[in-house]
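Beneath this line is the structure, given in structure tokens, with notes to follow.
For the single chain, residues carry numbers from 1 onward in sequence order. Both backbone and side-chain heavy atoms feed into the values below; hydrogens, waters and symmetry mates do not.
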Amino acid sequence: MRKGNVLGLMLGLSVLCATTGWAQTQEETKPAKETQESAAEQELRSFKEWMRTQSDKIATTTRAEWPTIKNDFSRQANKIENSFQNLSENSKREFLELKTRFQELESKPMADEVPLQAEEVRLREKELLGSFSNVQGISPIHMREAYIRFMQNVRAKRQNWTSRDWDYADYILQNLGKRKATVEEKLSTLDEIKIRTLIGEFHTLRSGQEFKESQRAKKQK
């Protein structure tokens, strides 16, 4: 083989190897960029779902719960802001809109800051007390039975209750307590013991459900 042909062949191989190496480098760097962009968009999708959940339950969120929600918001928002430039233009706008939406939610009254509605109280009294819904008219002889009826209905309905439902039930229980105080001297010791037991059960059930909800919220983070 002539010397010129050998040199030509070697030169061609060098160019081919260099081209192949460049193409491989491009292929290796391209997925990294795409993966980075995909991660940023995925964070935004998770953030949108989280915001949707907060919006849906804002009517039952208390002011005491808000610091935890705000910390969760800041954690997620900061992650997205760190990769903000990897978002598409539409996603950038969506993210800014979500931040504005959160500020609007924060400015709304929380569930425990909204007064209970008188009409709703009357409906709940009928639902939980039945024939004893006229609390001020409960006689001493029927006071124990009124508490028993109340707790029977609480047990039956509590599984689907929100914190607002518990607020109404607690208010009715307080009204029962006020009525009981006016007739207390006419109650037997057994009645007193039974009523105290039922009141304790109510608060135990409420605390138990609040604990389950807080654990569920932690798992969703």
Side-chain angles (χ1 to χ4, degrees), residues 49-73 97-98 100-184 187 191 194-218 220:
E49 184 60 35
W50 181 86
M51 277 294 297
R52 188 177 299 112
T53 300
Q54 303 311 314
S55 296
D56 289 345
K57 68 177 187 178
I58 191 64
T60 60
T61 301
T62 64
R63 183 59 65 184
E65 296 173 297
W66 197 250
T68 300
I69 294 172
K70 194 169 183 177
N71 287 338
D72 201 14
F73 167 83
E97 289 170 359
L98 287 170
T100 300
R101 174 61 177 153
F102 185 81
Q103 292 174 348
E104 293 172 353
L105 290 178
E106 187 176 14
S107 66
K108 289 184 175 182
M110 298 294 103
D112 54 344
E113 298 171 338
V114 178
L116 300 181
Q117 302 300 308
E119 181 59 31
E120 186 65 22
V121 169
R122 285 191 288 272
L123 291 174
R124 300 299 180 106
E125 284 175 337
K126 291 178 180 178
E127 182 181 276
L128 297 176
L129 292 172
S131 59
F132 301 110
S133 60
N134 180 16
V135 175
Q136 298 308 313
I138 300 174
S139 63
I141 196 172
H142 290 127
M143 185 57 66
R144 171 176 170 165
E145 184 61 32
Y147 274 93
I148 291 173
R149 179 74 57 81
F150 173 79
M151 279 309 303
Q152 285 175 337
N153 286 313
V154 168
R155 295 186 202 108
K157 300 175 185 297
R158 68 185 176 88
Q159 294 296 341
N160 297 320
W161 275 2
T162 64
S163 60
R164 191 63 166 172
D165 294 317
W166 282 103
D167 288 342
Y168 276 103
D170 189 80
Y171 181 80
I172 293 169
L173 184 62
Q174 290 180 40
N175 282 344
L176 277 174
K178 291 175 183 178
R179 176 56 182 167
K180 175 176 126 7
T182 66
V183 299
E184 205 155 21
L187 298 177
D191 287 343
K194 180 63 175 180
I195 289 171
R196 282 199 297 270
T197 300
L198 293 170
I199 293 172
E201 181 186 355
F202 174 86
H203 292 298
T204 298
L205 291 177
R206 181 171 191 176
S207 298
Q209 189 148 329
E210 287 174 346
F211 176 76
K212 288 180 182 179
E213 289 176 358
S214 66
Q215 292 299 104
R216 192 180 303 117
K218 288 179 181 178
Q220 291 175 351

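- Residues M143 and D191 are not in side-chain contact: their nearest non-hydrogen atoms beyond the backbone lie 4.5 Å or more apart.
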Using the rule given for side-chain contact (heavy atoms from CB on, under 4.5 Å), can you reason through L173 versus V154, listing the C-alpha separation, both sets of side-chain angles and the distance that settles it, and then say yes or no? CA-CA 11 Å; L173 184 62; V154 168; over 6 Å; no

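- Partners of E97 under the side-chain contact (heavy atoms from CB on, under 4.5 Å) rule, at least two apart in sequence or in another chain, do not exist in this structure.
- If you take CZ on F150 and CG on N175, they are separated by 10.0 Å, rounding to the nearest 0.5 Å.
- A salt bridge does not link R206 with D165: none of the charged nitrogens is closer than 4.0 Å to a carboxylate oxygen.
- For the pair I138 and K180, the minimum side-chain heavy-atom distance is 4.5 Å or more.
- The backbone N or O of R179 lies less than 3.5 Å from a partner atom in the side chain of T182, making a donor-acceptor pair.
- Contact of the M151 side chain with the L205 side chain is registered, since non-hydrogen atoms from C-beta on lie closer than 4.5 Å.
- Residues V121 and R124 have side chains not in contact (no heavy-atom distance under 4.5 Å, counting atoms from C-beta outward).
- Not counting sequence neighbours, the partners of E49 by the side-chain hydrogen bond (donor to acceptor under 3.5 Å, both in side chains) test are R52.
- Residues forming a side-chain hydrogen bond (donor to acceptor under 3.5 Å, both in side chains) with K126 (at least two apart in sequence, or on another chain): none.
- For the pair E125 and R122, the salt-bridge criterion is not met [side-chain N within less than 4.0 Å of a carboxylate O].
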Derivation and outcome, side-chain contact (heavy atoms from CB on, under 4.5 Å), residues F102 and I69: CA-CA 10 Å; F102 185 81; I69 294 172; 4.1 Å; yes

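- In this view, K194 and R144, I148, L198 satisfy the side-chain contact (heavy atoms from CB on, under 4.5 Å) rule, not counting sequence neighbours.
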Decide side-chain contact (heavy atoms from CB on, under 4.5 Å) for F73 and Q54; before the verdict, give the C-alpha distance in whole Å, the side-chain angles of both, and the deciding distance to 0.1 Å. CA-CA 10 Å; F73 167 83; Q54 303 311 314; over 6 Å; no

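- Panel note: side chain S55, backbone M51; a donor-acceptor pair is recorded below 3.5 Å.
- Using a 4.5 Å heavy-atom cutoff, the side chains of E127 and N153 are not in contact.
- The line from NZ of K178 to CG of L176 is 11.0 Å long, rounded to the nearest 0.5 Å.
- For the ring pair (Phe, Tyr, Trp, His ring centres under 6.0 Å) test, no residue two or more places apart in sequence or in another chain qualifies with Y168.
- The shortest side-chain heavy-atom distance between L128 and K157 falls under the 4.5 Å cut-off.
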Please report the C-alpha distance between E201 and T197 in whole Å, then the side-chain angles of each, then the deciding distance to 0.1 Å, and finally whether the side-chain contact (heavy atoms from CB on, under 4.5 Å) criterion is met. CA-CA 6 Å; E201 181 186 355; T197 300; 5.7 Å; no

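- Enclosure of atom CD1 in I141 is not indicated, since only 12 or fewer non-hydrogen atoms of other residues, nucleotides or ligands lie within 6.0 angstrom.
- Every residue two or more places apart in sequence or in another chain that forms a ring pair (Phe, Tyr, Trp, His ring centres under 6.0 Å) with W161 is listed here: W166.
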